[in-house]
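Heads up, the thing below is written out as structure tokens.
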Amino acid sequence: MKKYFFSYMVTLLLCMTNTTFAQTARYVKPTSSGDGSGSSWNNASPDLQSMINASSADDEVWVSGGTYLPTHPADNLNTIDINNQKNAFVLKMDVKIYGGFAGTET
């Protein structure tokens, strides 16, 4: 009986642990009247690369419809250099990017 109880408790604990690591959604719009943190559509960031950089595995970046041009050189993602020919969007492994939103979805 104790053996089964212990197995049950370990399984329950593992299930609870997995649910505590929820993904974060970050929001991107070409223009935003909020603080630019990317925490919501109202506070969306205009900088797609910054939201990718701030994301970790299993996070999501939601991008509203519009045209986005890279402003960061691919070899230095912490620097904004609008006229650099090496500018590119650099993706991160296991960060999901979804686009074409109206900017009001939940």
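None of these values were measured; they are calculated from a predicted model.
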Practice prompt. Would you list the pairs meeting ring-ring contact (aromatic ring centres under 6.0 Å, His included) in which at least one residue belongs to residues 72-92, sequence neighbours left out?
Written response: none
Discussion item. Any side-chain to backbone donor/acceptor pair from Arg26 onto Ile52? Under 3.5 Å, distance only.
Written reply: no
Discussion item. For Asp35 and Ser37, which I'm curious about, is there any donor-acceptor pair between the side chains at under 3.5 Å?
Written reply: yes
Fill in: Closest approach of Ser45 to Asp47 (non-hydrogen atoms, all atoms of both residues)
OG-N, 3.0 Å
Worksheet item: Are the side chain of Asn76 and the backbone N or O of Pro73 linked by a donor-acceptor pair below 3.5 Å?
Response: no
Worksheet item: How long is the span from the CG atom in Leu48 to the CG atom in Leu69, to the nearest 0.5 Å?
Response: 10.5 Å
Worksheet item: Any chance the side chains of Ser50 and Asn53 put a donor and an acceptor closer than 3.5 Å?
Response: no
Worksheet entry | The single option from Val28, Thr24, Leu91 passing side-chain contact (heavy atoms from CB on, under 4.5 Å) against Val61 | Val28
Item to complete: Please identify each residue that fulfils side-chain contact (heavy atoms from CB on, under 4.5 Å) with Pro30, with sequence neighbours left out.
Response: Ser64, Tyr68
Worksheet entry | Interatomic spacing from CD1 in Ile80 to OG1 in Thr71 - rounded to 0.5 Å | 5.0 Å
Worksheet item: Counting distance only, does the side-chain N/O of Glu60 pair as donor-acceptor with the main-chain N or O of Tyr98 below 3.5 Å?
Response: no
Worksheet item: Is Val95 reachable from Met51 through a run of I, L, V, M, F, W or Y residues, each pair having side-chain heavy atoms under 4.5 Å apart?
Response: yes
Practice prompt. Give a yes or no on whether the backbone of Tyr27 and the side-chain of Trp41 come within a donor-acceptor separation of less than 3.5 Å.
Written response: no
Worksheet item: If you look only at pairs with a residue in residues 84-94, which of them pass as a side-chain hydrogen bond (donor to acceptor under 3.5 Å, both in side chains), with sequence neighbours excluded?
Response: Asp81-Asn84
